There are 2 protein chains.
Amino acid sequence: MSTAERLIESTRELLWERGYTGTSPRAIQQRAGAGQGSMYHHFSGKPELALAAMRRSAEQLRADAEAWLGGPGGAAERITGYLLSEREVLRGCPVGRMAQDPEVVGDPGMSETVDGAFRWLRGRLEEVLEEGRRGGEFPAGLDASGTAAVIAAVLQGGYVLARAAGSAEPFERAVGGVLDLLGIPSAAVAA
Amino acid sequence: MSTAERLIESTRELLWERGYTGTSPRAIQQRAGAGQGSMYHHFSGKPELALAAMRRSAEQLRADAEAWLGGPGGAAERITGYLLSEREVLRGCPVGRMAQDPEVVGDPGMSETVDGAFRWLRGRLEEVLEEGRRGGEFPAGLDASGTAAVIAAVLQGGYVLARAAGSAEPFERAVGGVLDLLGIPSAAVAA
DNA sequence: GTCTATAGGATGATAGAC
DNA sequence: GTCTATCATCCTATAGAC
């Protein structure tokens, strides 16, 4: 892997673990096995490197979701698959994590990257929900847009509650609960 | 207000805005109008001060929730009131914010404070949901525990999505969506 | 491309005077 | 109780040699 690649990947991990403010160029260099000069040769500084790392995390979120939402099967089945797909719950969401930091939210590029990922996710969920509604898998009166927001929020909030608890239990219970409210028997599905 | 009071309140605000890592003793002192010596006279250091501030935020969360959940009216009405109560959505949740920081999660006292607030909230929501289920306000088959987790997660996730978007819209849509899934006409209620 | 040297400021305290 | 002085370390670069 190239030095630039290792720097981006190290930044991605550190942002995930410690957030933007808690991630120093020094720590990035050490994890990447690169010197100061090397880092500043490839990137103008911490903000540019962080943006590259966040773009990668946002792309990953999208790919992970699309693997289920765009896969085979009915709408309910695909949404269930996505909700129950394997996650490192206690690490939190690498994208949602960024939304807490004022330096990230205050930067147009980073902010747009994070928000863009969530806008896409909500839109994609809404499409699948609408497809299921039209196909009779969900009630005819289903509010696809509101329900998509609920699902995205349950995932993000589930991460928060799980980290607070030091256990994946709140995440899993919230995911099970939302499937229940959608009328999908959560016991009847496999990840 | 006493100096110790001002220090705690300043810490509370700074933790809310910038998180634990992003909050320095120096910034706390300046906001509180206190000197270094004064701060270290009243508190042993940043961790002790932060713990006092977090306990206060956790207590506030509890009081805000109980004002609605323990108020008059039916179960659905009280839960709706809590969900639609006025919030500074874009500031995020002062308690949920803390769950992201590894230094907070790694400290037994702080971690227990944050988790305790969410455990209490979920338990309280479950009680009210169960009350409503027995009273016929909700379906007899309602999973009160799972639904309580959904509601807590929607609030926390709503904050995350709203901060990412720079707008309260995702929060409001998720809250409206969950009321809809609960069979409560969200248009029929007032904050 | 990568290295070392250097820098001004912040961080999180401690010591001791008042 | 509050103040100032001091401290070792980290932060985020920049400069210039190799």
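Here is how names work: the chains are called A, B, and so on, in the same order as the sequence lines, proteins then strands, and each is numbered from 1. These figures come from a predicted structure and were not determined experimentally.
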Query raised in the report: Taking NZ, NE, NH1 and NH2 as the nitrogens, is one of them in B:Arg78 or B:Glu131 under 4.0 Å from a carboxylate oxygen of the other?
Result: yes
Report summary line: In numerical order, the residues of residues 100-114 of chain B whose heavy atoms come under 4.0 Å of DNA chain D are none
Query - Electrostatic pair B:Arg87-B:Glu172, nearest N-O below 4.0 angstrom - result: no
Requested in this report: Using whole Å, report how far CD of A:Gln30 lies from C1' of D:dC11.
Outcome: 13 Å
Report task. State which residue, out of B:Val150, B:Ile151, B:Thr80, fulfils the side chain to side chain contact (heavy atoms under 4.5 Å, CB included) condition with B:Leu182. Result -> B:Ile151
Query raised in the report: Given atom CG of B:Leu14 and atom C1' of C:dT11, what is their separation to the nearest angstrom?
Result: 15 Å
Report summary line: With sequence neighbours left out, the residues meeting side-chain hydrogen bond (donor to acceptor under 3.5 Å, both in side chains) with B:Glu88 are B:Arg91
Query raised in the report: Does a side-chain N or O from B:Ser24 land closer than 4.0 Å to OP1 or OP2 of C:dA10, or not?
Result: no
Requested in this report: Write down the distance between OH (B:Tyr40) and P (D:dT4), rounded to a whole number of angstrom.
Outcome: 16 Å
Query raised in the report: How close or far is atom C1' of D:dC10 from atom NZ of A:Lys46, stated in whole angstroms?
Result: 12 Å
Report task. Report the residues that fulfil side-chain hydrogen bond (donor to acceptor under 3.5 Å, both in side chains) with B:Arg122, sequence neighbours left out, ordered by chain and then residue number. Result -> A:Glu169
Requested in this report: Find the distance B:Arg26:CZ to C:dT11:P and express it as a whole number of Å.
Outcome: 7 Å
Query raised in the report: Roughly, in whole Å, what's the span from OH in B:Tyr20 to P in C:dT11?
Result: 14 Å
**Report entry** Value in whole Å for how far the C1' atom of D:dA13 lies from CD of A:Glu48
**Finding:** 14 Å
Requested in this report: Could you note down all residue pairs passing side chain to side chain donor-acceptor pair (under 3.5 Å) where residues 133-144 of chain B supplies at least one of them, sequence neighbours left out?
Outcome: B:Glu130-B:Arg133
Query - Test: A:Glu9 and A:Arg6 ion pair at under 4.0 Å - result: no
For nucleotides 1-3 of chain D, tabulate all protein N/O to nucleotide N/O atom pairs closer than 3.5 Å, reporting atom names and distance.
| from | atom 1 | to | atom 2 | distance (Å) |
| --- | --- | --- | --- | --- |
| D:dT2 | OP1 | B:Thr3 | OG1 | 3.1 |
| D:dT2 | OP2 | B:Ser38 | OG | 2.9 |
| D:dT2 | OP2 | B:His42 | NE2 | 2.8 |
| D:dC3 | OP2 | B:Gly35 | N | 3.2 |

Requested in this report: Could you tell me whether B:Glu127 and B:Arg124 make a salt bridge, using a distance below 4.0 angstrom between a side-chain N and a carboxylate O?
Outcome: yes
Requested in this report: Check side-chain hydrogen bond (donor to acceptor under 3.5 Å, both in side chains) between B:Glu13 and all other residues, then give those that pass, not counting sequence neighbours.
Outcome: B:Arg31
